[in-house]
Amino acid sequence: MTIYAVGIPLFMIAAVIDSSVFSHLRYLNGQPSLVLVLVVAWGLLNELPDSLPWAFIGGLFVDLLSVTPTGTSSLAYVLALTILAFYVGQIGWRNILIPPLAVIFTTVLYQVVVLTMLIVQGNSFPVFRTILTWTIPSLVFNTLLILPMFRLMGRILDFLRPPKVGLV
Amino acid sequence: MQSPRSFTVVMTLGLCIILILLSLVGTLAPAEGILRIPLTALEGIFGGATTDFTIFAEEMAEFRSLRLRNRELEKALAQYQSELADLRAFRSDYDRLVELSNYVGQKGSDWRYVTTDVIGRDVNGVVRTIHIAAGTRNGVQVGDPVVTELGLVGRVVDVSATGAEVLLITDVNSSVTARVQNETRESGLVRGSISGDLILDFVNINGQLAENQQVFTSGETQAFPPNILVGQISSVGISPNSLFKQATVQSLVDFENLDIVLVITNFEPVDLQIFEEPEQP
């Protein structure tokens, strides 16, 4: 229960920070996405069934502050974590390259899902310029953000779920 | 994959797809409106603090150049004051002529404004929208035009009880019918672009566009009221198909650092449906 008492406000505030604070850091059309980075960090530090609810809840908060239909970001995050769990499970997340690679993959997948949904809604975007002005800056921001957030999330999880000890 | 794990994944994906479908058809709108209330309140707190900090940092950085700029502005002010005196004389003549000809139209002074803070932006970089701290409780409705003292900002596309989402005119899917303030009063369409620039398009190829000419809303499609400043022309060119003139329009509004906007809450578009041709059976 403690995990939900911390997790829900955490993702709620992260979504608000994305929309009201990180939007001021926007370069071209890209900006850091704290929710996405936290979802990836949480996903790498937990088993898939434990991390999916957070991908879902984090995505819901993002969609409530966006023009995309509710559920779009959740779908992207859940898909990303499922694929990551399959591949990262074989390598192990302790490899230093895994968190940056995971966040790059999730950012790209998220943007593909969001653009698809916006096109379904009748919007149109020039593909090449969108990649240049949205995808590339977002990848740089999120890659820079993942390592400190990964450590922070590790500390939070240690606090919420201290390792069990016993007498041998 | 183990089967309980696969079951959780399939259930979560299914739930996401159901939510998307319900959101697309609008069934979730009331729930979304309620859930947005705490988020809008938090956005107001974070957005206000961030804006204050940004303004403070920018002001400190610009402090040295402000004194020089102040001198330039004092000179410009003296010049504009004399121009203003002339324009007031013209305005007085215009008002008298309007009364004499019994002209029926919408005037800027007729508008009722709601002044509100900008509290956030859309997190998707390709969509240029802002979140404002006024909603249906303040009389804001979908379609209301949003302006600042420097010109047109956009229009409300989504609204909850305490907040609203505004599609900026710089968004790639936004378009505004406009008129250039020159002798020939050329009309065209100002549309946003992925880079955030404003493009004036579909202007008559023989139109006499020039730099620094001002562009105003024409009000032709009734999406926006007429005579709101959109910006001024910064460069002129020809459209790729060589059929129209095209111009880049520089808005005076700084869309990246908007902090306060005005929503026009009593704009009622003229109903043009009566002039539309009925569909053929």
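Each chain gets a letter, A, B and so on, in the order the sequences are listed, and its residues count up from 1. As a basis for the values below, the full set of heavy atoms in this structure was taken, side chains included, without hydrogen atoms, waters or symmetry mates.
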Solution key, residues 115-123 of chain A side-chain donor-acceptor pairs under 3.5 Å, sequence neighbours excluded:
| residue | atom | partner | partner atom | Å |
| --- | --- | --- | --- | --- |
| A/Thr116 | OG1 | A/Val112 | O | 2.5 |
| A/Asn123 | OD1 | B/Asn173 | ND2 | 3.1 |
| A/Asn123 | ND2 | A/Leu118 | O | 3.0 |

For residues 9-25 of chain A, please give each side-chain donor-acceptor pair under 3.5 Å, one per line with the distance, not counting sequence neighbours.
| residue | atom | partner | partner atom | Å |
| --- | --- | --- | --- | --- |
| A/Asp18 | OD1 | A/Leu34 | N | 2.7 |
| A/Asp18 | OD2 | A/Leu34 | N | 3.2 |
| A/Asp18 | OD2 | A/Val35 | N | 3.2 |
| A/Ser19 | OG | B/Glu43 | OE2 | 2.1 |
| A/Ser20 | OG | A/Val16 | O | 2.7 |
| A/Ser23 | OG | A/Ser19 | O | 2.9 |

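- Annotation: the span from B/Leu39 atom CG to A/Leu64 atom CG amounts to 5.5 Å, rounded to 0.5 Å.
- Taking chain B as the reference chain and counting heavy-atom pairs below 4.5 Å, the highest number among A/Val78, A/Thr133, A/Leu65 is found for A/Leu65.
- Side-chain contact check for B/Val9 versus A/Leu48: some heavy-atom pair is nearer than 4.5 Å.
- Of the two parts of A/Ser33, neither the backbone nor the side chain holds a non-hydrogen atom closer than 4.5 Å to a non-hydrogen atom of chain B.
- A distance of 9.5 Å separates CZ of B/Arg121 from CD of A/Gln31, quoted to the nearest 0.5 Å.
- In this structure, B/Ser195 and A/Arg129 approach most closely via the heavy-atom pair CB-NH2, 3.5 Å.
- When B/Val126, B/Leu42, B/Leu19, B/Ile17 are compared by the number of non-hydrogen pairs under 4.5 Å with chain A, B/Val126 comes out ahead.
- A 6.0 Å sphere centred on CD of A/Glu47 holds no more than 12 heavy atoms belonging to other residues, nucleotides or ligands.
- The environment of B/Gln250 atom CD is sparse: at most 12 non-hydrogen atoms of other residues, nucleotides or ligands sit within 6.0 angstrom.
- Each of B/Asp122, B/Leu167, B/Asp171 was checked for a side-chain contact (heavy atoms from CB on, under 4.5 Å) with A/Val67, and the lone residue meeting it is B/Asp122.
- Residue B/Ile20 forms a side-chain contact (heavy atoms from CB on, under 4.5 Å) with just one option from A/Val113, A/Thr68, A/Leu75, and that option is A/Leu75.
- To the nearest 0.5 angstrom, A/Leu79 atom CG is 10.5 Å from B/Thr12 atom OG1.
- Close approach to chain A, defined as a heavy atom under 4.5 Å from one of its heavy atoms, is seen in B/Thr129, B/His131 of residues 129-160 of chain B, taken by number.
- The interface of residues 22-35 of chain B with chain A, defined by heavy-atom distances below 4.5 Å, comprises B/Ser23, B/Leu24, B/Leu28, B/Glu32, B/Leu35.
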